[in-house]
Amino acid sequence: MAAFSKSIPHSCYEIGHTWNTSCTKSTLQVTVGALQESLKIYAPLYIIAAILRRRKLDYYIHKLLPEILRSTSFLTANGGLYIMFFCILRKLLGKFYIWSAGFGAALPASYLAILIERKSRRGLLTIYMANLATESIFRMAVTRGLITPVNHGEVLLFCFTAALYMFFFSCKHGPRHRCCRHYEDNCISYCVKGFIRMFSVGYLIQCCLRIPSALRHLFTKPSRLLSALYNKENFQLGAFLGSFVSIYKGTSCFLRWVRDLDDELHALIAGFLAGMSMMFYKSTTISMYLASKLVETLYFKGIEAGKCPYVARADTIIYAISTAVCFQAAVMEVQNLRPSYWKFLLRLTKGRFALMNRRALDVFGTEASRDFKGFIPRLDPRYTLVKPELELELHS
């Protein structure tokens, strides 16, 4: 169990920026590295988005560069401010607590950073980070024995989410009717065409993700191109999307025939059954993201109905708390953080996040160093506060 009352007397150099004794230089190094990686992330992202949206020349001349720089500044600030507050908090508290190295330092850093980003992007970033944080909290609870995982839990979550989404979609869109409205096809061909169309979409999405990597090795390993085209995940995503659509349409048609009427409850039943299609492509990420979006939708509906209070800067606050939770996991128990986000943090910090002295953090009981193969940073003894004999005493 995590020891919340414990503290360790190490300096911020001994725990955090072990590669450099200076707080200022370390912050600058992380900031510069984050700036370089942020540009590599956002420049192609915005350019591709502009091309797909068929932006006019005026956008490329006047708006593209400012938008790239603004998002780059946001992500850079998130990384640079974290290490800055990491050091400030250590100096204010005089020691490290289980919450201060991760959550405590990341909370103000994330809050200030998100204020730099455009308002139109804050909601999407908030949903993404809330999704990550919820998943991390769930994994932490499982590790501590507070929650027992349910078999195929992501599938069940997707079933309930899909059911509610389809129910709301049915209540808002189009007039009520007593018969199916797909006039050009009978019910069977309508479902089959839906399956083929969405199967093709899923297959092509996975191919587009894999082919660029395969093309780089086209002349050295041409077999990679074939494996990219016939990869099992291509067909799994296709089967997931295709079966989701066909099951939903087929169930809806069946219920209309049996009951001889159309009802919003049909969408609820059809959506739940269609959710079982995730058995083909199990994804906690997709389930959690859609569930988060559903909660957001319900909250805004509650505001419109006057049943939920409107909280100013709610997206900013939720983003900061969610990011702080993820940083807490990244520092204290990286085994409970989504692997893709951990790789992203390593990329953003040029690998420096892995150089923290997690062996010293093991005293808090979260197995902080478990996945770091006994890594111990080489520290300059002239700048350390904790001598080897005291280190042994703390671990005992």
Side-chain angles (χ1 to χ4, degrees), residues 8 10-42 71-91 96-110 112-113 116 129 132 136 320 323-362 364 366-386 391:
I8 52 176
H10 299 68
S11 67
C12 49
Y13 161 60
E14 291 173 273
I15 298 294
H17 49 89
T18 60
W19 66 89
N20 196 304
T21 59
S22 168
C23 297
T24 304
K25 290 181 179 178
S26 298
T27 301
L28 185 61
Q29 288 171 337
V30 170
T31 303
V32 171
L35 176 62
Q36 294 172 346
E37 291 303 317
S38 299
L39 275 172
K40 291 178 183 178
I41 292 170
Y42 281 114
S71 292
T72 297
S73 300
F74 144 71
L75 196 53
T76 301
N78 219 150
L81 288 173
Y82 166 72
I83 193 69
M84 185 183 80
F85 280 109
F86 181 93
C87 297
I88 290 173
L89 209 55
R90 166 61 181 81
K91 288 177 171 58
F96 279 108
Y97 295 89
I98 189 172
W99 56 269
S100 60
F103 188 92
L107 186 64
S110 304
L112 293 175
I116 299 172
M129 291 310 303
L132 275 174
S136 297
T323 305
V325 168
C326 292
F327 271 67
Q328 177 72 13
V331 173
M332 289 292 178
E333 41 195 309
V334 74
Q335 63 271 19
N336 290 323
L337 185 66
R338 188 183 297 173
S340 60
Y341 189 69
W342 171 241
K343 290 178 182 177
F344 167 74
L345 290 178
L346 289 179
R347 177 183 175 185
L348 192 67
T349 60
K350 300 284 189 179
R352 294 187 178 96
F353 220 139
L355 301 180
M356 294 183 76
N357 188 1
R358 288 178 171 80
R359 185 171 179 274
L361 298 175
D362 280 339
F364 293 115
T366 60
E367 297 182 289
S369 67
R370 194 188 81 174
D371 293 347
F372 295 87
K373 299 178 181 178
F375 168 75
I376 302 175
R378 293 183 179 181
L379 301 171
D380 189 334
R382 295 175 300 172
Y383 298 92
T384 59
L385 298 177
V386 180
E391 188 82 49

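This chain uses plain numbering: 1 for the first residue, then up along the sequence.
Taking OG1 from Thr323 and CZ from Phe103, the interatomic distance works out to 10.0 Å, rounded to the nearest 0.5 Å. Leu89 CG to Met84 CE: the interatomic distance, rounded to the nearest 0.5 Å, is 11.5 Å. Remark: Met332 CE to Glu367 CD distance equals 13.5 Å, nearest 0.5 Å. Atom CD of Gln29 and atom OG1 of Thr24 lie 11.0 Å apart (nearest 0.5 Å). Atoms OG1 and CG, on Thr31 and Leu81 in that order, are 7.5 Å from each other to the nearest 0.5 Å. Once rounded to the nearest 0.5 Å, the distance linking CG of Leu337 with OG of Ser136 reads 4.5 Å.
Residues Cys23 and Cys87 come closest through the heavy atom pair SG-SG, 3.6 Å. Residues His10 and Ala360 share a closest heavy-atom pair of NE2-CB, 3.8 Å. Of all the heavy atoms in Ala330 and Leu345, the pair that sits closest is CB-CD1, 3.7 Å. Residue Ala105 comes nearest to Ala101 through the heavy atom pair CB-O, 4.1 Å, listed as atom of the first residue, atom of the second, then distance.
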**Study point:** Verdict with supporting geometry, Leu107 and Phe85, side chain to side chain contact (heavy atoms under 4.5 Å, CB included)
**Key:** CA-CA 9 Å; Leu107 186 64; Phe85 280 109; over 6 Å; no
Check your understanding: Under the side chain to side chain contact (heavy atoms under 4.5 Å, CB included) criterion, do Phe86 and Cys12 qualify, and how do the steps go?
Key -> CA-CA 7 Å; Phe86 181 93; Cys12 49; 3.8 Å; yes
Exercise for review: Go through the steps for Ile98 and Gln328 under the test side chain to side chain contact (heavy atoms under 4.5 Å, CB included), then give the verdict.
Suggested key: CA-CA 9 Å; Ile98 189 172; Gln328 177 72 13; 4.1 Å; yes
Review point. Do Ile15 and Leu361 pass the side chain to side chain contact (heavy atoms under 4.5 Å, CB included) test, and can you show the C-alpha distance, the side-chain angles, and the key distance before you say yes or no?
Key: CA-CA 8 Å; Ile15 298 294; Leu361 298 175; 4.1 Å; yes
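For residues 30-41, the salt bridge (charged side-chain N to carboxylate O under 4.0 Å, His left out) pairs, not counting sequence neighbours, are Glu37-Lys40, Glu37-Arg347, Glu37-Lys350. Among residue pairs with one or both ends in residues 80-91, none qualify as salt bridge (charged side-chain N to carboxylate O under 4.0 Å, His left out); sequence neighbours excluded.
At least one donor-acceptor pair under 3.5 Å links the side chain of Tyr13 to the backbone N or O of Asp380. A donor-acceptor pair under 3.5 Å is absent between the side-chain atoms of Arg359 and the main chain of Phe375, judged by distance alone. Side-chain atoms of Glu14 come within 3.5 Å of backbone atoms of Leu385 as a donor-acceptor pair (strictly under, hydrogens ignored). Remark: the backbone N or O of Ala368 is paired with a side-chain donor or acceptor of Asp362 at under 3.5 angstrom.
For the residue pair Asn357 / Thr18, no side-chain donor-acceptor distance below 3.5 Å is found, with atom types taken as modelled.
Ring pair Tyr97/Trp99 is parallel by interplanar angle, where below 30° counts as parallel and above 60° as perpendicular. Ring geometry for Phe372 versus Trp342: interplanar angle over 60°, hence perpendicular rather than tilted (30 to 60°). The aromatic rings of Phe327 and Phe353 sit tilted, their planes meeting at an angle between 30° and 60°.
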